[in-house]
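Chain A is the first sequence line, chain B the second, and so forth, proteins listed ahead of strands; every chain is numbered from 1. Values reported hereafter were calculated over all heavy atoms of this structure, with side chains retained and with hydrogens, waters and symmetry mates removed.
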Amino acid sequence: MFAALSEKHEHKKVLPDLEKSEKGVVMRFAPNPSGPLHIGHARAAALNDAYVKQYGGRYILRIEDTDPKRVDPDAYEMVVEDLKWLGLGITETVTQSDRLPLYYDLCKQLIERGGAYVCTCDNEHFKELKQAKTACPCRDQPVEKNLAMWQKMLDHGYKEGEVSVRIKTDLNNPDPAMRDYPAFRILDSPPHPKVKAHVYPLMNFSVVADDHFLGVTHVIRGKDHIANTRRQRYIYDHMGWQVPVYRHYGRMGIEGVVLSTSQMRLGINDGTYSGWDDIRLGTMRALARRGISPEAVKNAMLAIGIGDTDISFSWDNLYAENKKIVDPTANRYFFVPDPIEITISGAQKHTAHAMLHPGDAARGTRTLEFDGTVLIPNSEITPDVTMIRLKDLFNVNVTWDHGTPSFTFAGDSLADARAAKARIIQWLPVQQAVPCKLLTPDGEMTGACEPQVKTALGKVVQFERVGFVKIDFVDADGVKAYFTHK
RNA sequence: GCUGCUAUAGUGUAGUCCGGCCAAUCAUGCGGGCCUUUCACGCCCGCGACUGGGGUUCGAAUCCCCAUAGCAGCACCA
């Protein structure tokens with residue numbers, strides 16, 4: 001019995017082992033602060049987090065803000081908030097714009113070692129040379145000249161676009177992407193929101209510097225970085241440093257939501273979206289607003305794993321994870337979409353006590369008073385219907401006269417309703433009905449819900465027979481809810 | 001064009017490194033049933049895949065070659 005249980009437990013999916021992890025790991029999540037985090041980020045963030053938790057160690061948040069064109073000052077805060085929401089075990093945070101002197105110093109060292117040079121070739125020209133596996137004239141300049149030019153760069157003796165620092169690689173590398181790639185550039189505008197600078201490192205340079213000096217041991221990132229990994233290798237070799245262990249997972253296609261930060265920002269600015277948490281977006285805050293729990297996001301990402309196959313993200317699988325988390329906790333309430341009012345003859349006043357959760361009687365009940373007239377979903381009354389049961393109340397006969405239904409009390413017996421295969425439907429007393437809007441991906445449902453729903457602001461509840469919803473807004477006029485999933 | 005990565009059911013995933021125990025795992029989805037005062041949860045049954053073609057081998061999802069498809073890189077973005 002116990003053996004069977006534990007055996008089943010061991011079958012729980014775990015991530016594949018990482019080599020060189022015996023003494024713990026140091027990993028990092030390194031977003032560009034151009035906006036809030038979205039599902040794409042969540043994969044890298046959750047995977048790295050899971051490994052740090054599995055092996056123990058440090059988890060560094062590194063804000064990569066070395067391109068002032070792609071920095072949103074608000075994003076620094078948003079990224080931290082989103083990670084906090086996800087519940088990741090970040091142990092320290094660094095921001096690259098705080099570390100420019102470190103990069104400058106390393107660049108100087110690299111030049112001294114003959115591993116980099118200052119290049120004044122224009123882009124197009126260099127591209128041609130690169131394709132032809134030919135060295136550009138700057139490549140063979142003496143170290144002293146490179147150092148002087150580098151100092152002139154730092155002294156702002158060059159304008160934007162005039163020079164760059166290149167890493168010496170191997171011009172005969174069959175992959176043109178590897179040949180003498182750039183490491184620093186000059187940018188006169190726009191100004192960086194956090195630091196006064198004009199010489200900026202490019203990603204492949206600052207990443208190596210930080211991974212090395214921060215002691216990063218393992219890097220898990222998308223396979224769009226696989227070429228960068230190979231490029232970065234040259235710097236490690238020039239410096240005689242040891243490279244981290246890398247894993248590159250495949251591309252993840254995500255349907256149904258907008259993920260591009262620039263597109264999102266555009267839509268927000270022109271009013272198409274209400275904000276970063278508009279539920280049509282794929283941001284963490286949008287998911288949160290729709291009632292997706294952070295655990296569900298993490299579990300879904302771990303289930304996907306670090307495979308290098310390109311995959312398409314499945315909302316169904318995310319919803320299934322979320323339901324596991326939300327179903328045991330969500331209170332049940334009635335929501336009547338597109339309601340019609342019906343009067344039931346022959347019935348005494350009744351008080352219905354419906355359970356807040358069918359699996360947890362201790363949680364208690366909510367009380368609905370029946371006194372003759374109720375709201376039910378319009379769609380339930382079709383000409384083939386002869387009996388319905390109002391859930392937790394009683395049965396109702398439906399009789400038809402020239403297409404007009406009338407309703408009469410048909411007894412309390414649940415067994416009768418079952419025997420008659422009557423549908424058990426949600427309902428609301430007219431007096432207790434609170435106007436409620438339910439926003440779904442397919443549009444808006446208008447209806448009414450129980451008064452108690454107003455106390456569930458910010459929570460996920462289940463509207464019985466409709467699905468799980470997040471109560472987003474409550475005021476004197478009613479309730480607004482977002483559909484999470486069935 | 002050049003360079004590289006990948007290819008298991010609708011979706012995700014295990015197995016591939018070290019060929020046989022794989023007539024291929026688990027989850028999700030879908031269909032059916034049971035349970036149940038929800039179309040939720042739970043339980044049971046079922047559906048559904050090794051991209052194609054060659055080769056090696058007694059034996060291939062697993063190794064090799066070719067083809068096809070997808071993806072990524074060849075930015076003074078990350």
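Taking the ring centre of Tyr76(A) as origin, the terminal cationic atom of Lys194(A) falls inside the region bounded by 6.0 Å and 45° from the ring axis.
Using a 4.0 Å heavy-atom criterion, one finds that Phe468(A) contacts the sugar-phosphate atoms exclusively. Heavy atoms of Arg179(A) sit nowhere under 4.0 angstrom from any nucleic acid atom. If you check every strand for non-hydrogen atoms under 4.0 Å, Asn123(A) touches a base. Using a 4.0 Å heavy-atom criterion, one finds that Gln96(A) contacts no nucleic acid atom at all. Nucleic acid contact class of His248(A) (heavy atoms, under 4.0 Å, all strands): none. Looking at heavy-atom distances under 4.0 Å, Ser34(A) makes no contact with the nucleic acid at all. Residue Glu64(A) is in sugar-phosphate contact alone, with no base atom involved, counting any heavy-atom pair closer than 4.0 Å across all strands shown. Contacts of Arg389(A) with the nucleic acid, taken as non-hydrogen atoms under 4.0 Å apart, include base atoms. Contact annotation for Gly161(A): base contact, defined as any heavy-atom pair under 4.0 Å involving a base atom. Among the protein residues, Leu414(A) comes within range of the nucleic acid bases, having at least one heavy atom under 4.0 Å from a base atom. Pro358(A) comes within 4.0 angstrom of a base, heavy atoms only. Backbone-only engagement by Arg231(A) is indicated by non-hydrogen atom pairs under 4.0 Å involving sugar-phosphate atoms exclusively.
At a cut-off of 3.5 angstrom, the base of U28(B) holds no donor-acceptor pair with the side chain of Glu321(A). Checked by distance alone, Arg465(A) brings no side-chain donor or acceptor within 3.5 Å of a matching partner on the base of A40(B).
Across all strands shown, U25(B) has no partner, as no Watson-Crick or G-U wobble contact with both distances under 3.5 Å is found. With a 3.5 Å ceiling on both atom-pair distances, the Watson-Crick or G-U wobble partner of U68(B) is A7(B). Of all nucleotides present, only G1(B) satisfies the Watson-Crick or G-U wobble test against C74(B), with each distance under 3.5 Å. Under the Watson-Crick or G-U wobble criterion, with both distances below 3.5 Å, A49(B) has no partner in any strand shown. If you check U62(B) for Watson-Crick or wobble pairing at under 3.5 angstrom, you find it has no partner at all. With a cut-off of 3.5 Å on both Watson-Crick or G-U wobble distances, the partner of A14(B) is given as none. Across all strands shown, C43(B) pairs with G33(B); the Watson-Crick or G-U wobble distances both stay below 3.5 Å.
Rounded to a whole angstrom, the distance from the P atom of C39(B) to that of C45(B) is 22 Å. Straight-line distance between the P atoms of G31(B) and A40(B): roughly 11 Å, to the nearest whole Å. Look at the C1' atom in both A24(B) and A49(B): the space between them is 9 Å, to the nearest Å. Taking the C1' atoms as reference points, U13(B) lies 30 Å from G54(B), given to the whole Å. Nucleotides U62(B) and U51(B) are separated by 16 Å at their C1' atoms, to the nearest Å. Rounded to whole Å, the P atom of C21(B) lies 27 Å from the corresponding atom of U11(B). For the C1' atom pair drawn from U16(B) and U8(B), the interatomic distance equals 10 Å after rounding to whole Å.
Checked for salt-bridge contact, Arg363(A) and Asp360(A) meet the test: a charged N lies under 4.0 Å from a carboxylate O. Here Asp392(A) does not pair with Arg332(A) in a salt bridge; the nearest charged N to carboxylate O distance is not below 4.0 Å.
Of the residues near RNA chain B, Ala320(A) and Asp392(A), the one whose nearest nucleotide (by heavy atom distance) lies more toward the 5' end is Ala320(A). Residue order along RNA chain B, read from the 5' end via each residue's closest nucleotide, puts Ser314(A) first among Ser314(A) and Glu464(A).
Not one side-chain nitrogen or oxygen of Arg70(A) sits closer than 4.0 Å to the OP1 or OP2 atom of A78(B). A sub-4.0 Å separation between OP1 or OP2 of G70(B) and a side-chain N or O of Thr309(A) is absent. Between Asn317(A) and U11(B) there is no side-chain N or O to OP1 or OP2 distance below 4.0 Å. In terms of phosphate contacts, Lys486(A) brings no side-chain nitrogen or oxygen within less than 4.0 Å of OP1 or OP2 of G29(B). Lys323(A) has a side-chain polar atom (N or O) that falls below the 4.0 Å cut-off from OP1 or OP2 of C41(B).
Considering only side-chain atoms of Asp316(A), the nucleotide from A40(B), G29(B), C74(B) that sits closest is G29(B). Counting only heavy atoms from C-beta on, Asp308(A) has its side chain closest to U6(B) among U37(B), A78(B), U6(B). The side chain of Ala177(A) sits closest to C74(B) out of C74(B), C76(B), C71(B). Each of A78(B), C74(B), C41(B) was ranked by its minimum atom distance to the side chain of Thr66(A); first place goes to A78(B). The Leu202(A) side chain lies nearest to C76(B) when the options are C41(B), C76(B), U36(B). The side chain of His225(A) has A78(B) as its nearest neighbour among G1(B), U28(B), A78(B). Nearest to the side chain of Asp310(A), among U3(B), A75(B), C71(B), sits C71(B).
Atom CZ of Arg166(A) and atom C1' of A75(B) are 10 Å apart (whole Å). We find that NE2 of His350(A) is positioned 18 Å from P of U37(B), with the value rounded to whole Å. Ile325(A) places its CD1 atom 16 Å from the C1' atom of A40(B), with the value rounded to the nearest Å. Distance NE2 (His353(A)) to C1' (U37(B)): 14 Å, rounded to an integer number of Å. Rounded to whole angstrom, the span from the CG atom of Leu368(A) across to the C1' atom of U38(B) amounts to 14 Å. One interatomic measurement links the two molecules: CE of Met252(A) to C1' of G70(B), which rounds to 17 Å at whole-angstrom precision. The separation between Ile388(A) atom CD1 and U38(B) atom C1' is 15 Å, rounded to whole Å. Counting to the nearest Å, the P atom of C76(B) and the CG atom of Asn204(A) are 11 Å from each other.
In this structure, Arg251(A) CZ and Ile311(A) CD1 are separated by 10.5 Å, a value rounded to the nearest 0.5 Å. Rounded to the nearest 0.5 Å, atoms CE (Met264(A)) and OG1 (Thr283(A)) are 6.0 Å apart. A distance of 3.5 Å separates NE2 in His485(A) from CG in Asn322(A), rounded to the nearest 0.5 Å.
The minimum heavy-atom distance linking Val216(A) with Arg28(A) is given by the pair CG2-CG, 3.7 Å. Nearest heavy-atom pair across Lys223(A) and Asp308(A) is NZ-O, 3.9 Å.
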| task | Evaluate side chain to side chain donor-acceptor pair (under 3.5 Å) for Gln96(A) paired with Asp210(A), printing each intermediate quantity in order. | result | CA-CA 8 Å; Gln96(A) 289 192 319; Asp210(A) 285 333; 2.8 Å; yes
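A donor-acceptor contact closer than 3.5 angstrom links the side chains of Tyr234(A) and Asn173(A).
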